[in-house]
Amino acid sequence: MVKTFATSLFRGTYWLLVGVVAYLILVFIVPSLDNPEAAAFLPVFGAFLVVLVVGAVIATRLRPSPRRRWLWLALVVPPILILLANAPYLPYSLVHPADPGFQVGWPLLLATLILVIAGIRVYREAGAATVGAWDGRARLTVSALAGLVIGLVVSGSLASATAGDGGGTLAAAPTISDSLVMEDTSFAPATYAIASGEVLGLFVENRDSIGHSFDIDALDIHVPLPPNSTVAVAVQPVGPGQLAFYCAVPGHAEAGMTGTIDVE
């Protein structure tokens with residue numbers, strides 16, 4: 001079978017996914033190896049990376065044929081498994097451009113989608129007597145998805161750079177101030193006490209190499225914190241009671257990133 005647009009697209013996208021997973025390991029996992037939770041992901045994603053490299057080499061060296069047309073569908077399975085492994089974290093990352101996961105999540109999602117489309121096309125071409133050209137709409141769709149990936153990565157980089165410059169704004173003038181440190185997927189301290197009517201100026205510092213957030217649902221406060229960043233937040237209670245704060249990144253609150261502000 002001759003080289004077609006579908007085979008070229010499949011091979012190029014596969015190598016792109018190799019790069020995405022390698023970036024994920026180097027940027028998110030390796031710098032956090034002192035964290036047992038992050039270290040546990042290294043062998044898993046290391047194995048995924050090896051499988052992807054092998055798959056990319058196979059896709060690059062072999063030409064589709066009727067006898068091994070199933071191989072092109074089998075090669076799609078590892079990227080789908082990687083996508084599923086990241087599924088718990090994707091919903092948050094995909095809608096928060098300042099989160100570092102934004103720059104990985106969208107390429108991973110869209111590249112896997114393109115790979116599935118291209119794999120099905122190569123599978124059909126390998127079993128057909130004659131190979132027809134993809135129509136203009138298919139090529140336009142793939143081009144649009146590729147452009148979307150580039151645009152999202154650039155916008156995510158800009159948002160992350162802006163959010164990570166240590167800047168932040170206070171919604172109200174603080175009457176008292178304090179600090180909150182995010183480190184090793186935990187808050188320190190996790191409890192505060194203020195008097196009713198006071199405004200707490202809280203300097204929130206993320207010392208981890210992964211992104212977090214500071215959220216108080218009762219006050220509609222939702223602040224993303226990229227790795228190694230500091231943001232100033234004004235907490236202005238509406239009355240006595242207890243305010244709960246937490247990290248909205250999936251799995252982080254369950255790991256202990258929760259706290260309270262007691263308003264007397």
Side-chain angles (χ1 to χ4, degrees), residues 27-28 31-41 88-103 105 155-264:
V27 174
F28 290 89
S32 304
L33 288 180
D34 55 341
N35 186 332
E37 182 182 354
F41 285 101
Y89 309 98
L90 285 176
Y92 179 86
S93 296
L94 294 180
V95 297
H96 290 82
D99 186 82
F102 184 91
Q103 301 171 53
S155 63
S157 299
L158 293 175
S160 181
T162 303
D165 62 1
T169 58
L170 293 175
T175 58
I176 58 172
S177 62
D178 210 327
S179 61
L180 170 65
V181 174
M182 299 173 169
E183 190 170 19
D184 296 330
T185 320
S186 64
F187 286 139
T191 58
Y192 298 85
I194 64 175
S196 180
E198 288 185 323
V199 179
L200 173 62
L202 199 58
F203 292 90
V204 186
E205 179 185 3
N206 179 11
R207 295 181 180 176
D208 284 337
S209 58
I210 58 176
H212 293 301
S213 71
F214 178 79
D215 300 82
I216 303 179
D217 291 342
L219 300 179
D220 197 26
I221 293 176
H222 305 285
V223 182
L225 280 98
N228 305 308
S229 64
T230 301
V231 174
V233 182
V235 180
Q236 186 175 16
V238 295
Q242 189 177 75
L243 294 172
F245 61 87
Y246 65 99
C247 174
V249 176
H252 289 195
E254 292 77 5
M257 294 194 75
T258 59
T260 56
I261 301 174
D262 294 315
V263 185
E264 302 173 350

Inset, instruction - Step by step, work out the side chain to side chain contact (heavy atoms under 4.5 Å, CB included) result for Met257 and His212. - result: CA-CA 9 Å; Met257 294 194 75; His212 293 301; 3.4 Å; yes
Legend entry - Working for side chain to side chain contact (heavy atoms under 4.5 Å, CB included), residues Thr260 and Leu243: CA-CA 5 Å; Thr260 56; Leu243 294 172; over 6 Å; no
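- Judged purely by atom type and a 3.5 angstrom limit, Thr175 uses its side chain to pair as donor or acceptor with the backbone of Val199.
- Without hydrogens or angle criteria, Asp215 side chain to His222 main chain gives no donor-acceptor distance under 3.5 Å.
- In this structure, Glu183 and Asp208 have side chains that are in contact, with non-hydrogen atoms separated by less than 4.5 Å.
- We find the CD1-CG distance between Ile194 and Asp262 to be 9.5 Å, quoted to the nearest 0.5 Å.
- The minimum heavy-atom distance linking Gly211 with Val249 is given by the pair O-CG2, 3.8 Å.
- A donor-acceptor pair under 3.5 Å is formed between the side chain of Ser213 and the backbone N or O of Ala248.
- Proximity of Arg207 to Val181: side-chain heavy atoms (C-beta onward) are separated by under 4.5 Å at one or more points.
- Of all heavy-atom pairs spanning Ala190 and Phe245, the tightest one is O-CZ, 3.6 Å.
- If you take CD1 on Ile216 and CD on Gln236, they are separated by 12.0 Å, rounding to the nearest 0.5 Å.
- The OG1 atom of Thr230 sits 10.0 Å away from the CE atom of Met182 when rounded to the nearest 0.5 Å.
- Closest approach of Ser179 and Pro189 over heavy atoms only: O-CD, 3.7 Å.
- How far NE2 of His252 is from OG1 of Thr258: 13.0 Å, rounded to the nearest 0.5 Å.
- Side chain of Asn206 to main chain of Pro226: a donor-acceptor pair is present (N/O by atom type, distance under 3.5 Å, no hydrogens or angles).
- When side chains are defined from C-beta on, Ile176 does not count as touching Asp178, because their heavy atoms never get closer than 4.5 Å.
- How far OH of Tyr192 is from CG of Leu202: 5.0 Å, rounded to the nearest 0.5 Å.
- No side-chain donor from either of Ser186 and Asp184 sits under 3.5 Å from a side-chain acceptor of the other.
- Between Phe214 and Phe187, the ring planes lie perpendicular to each other; the angle is over 60°, past the 30° to 60° tilted range.
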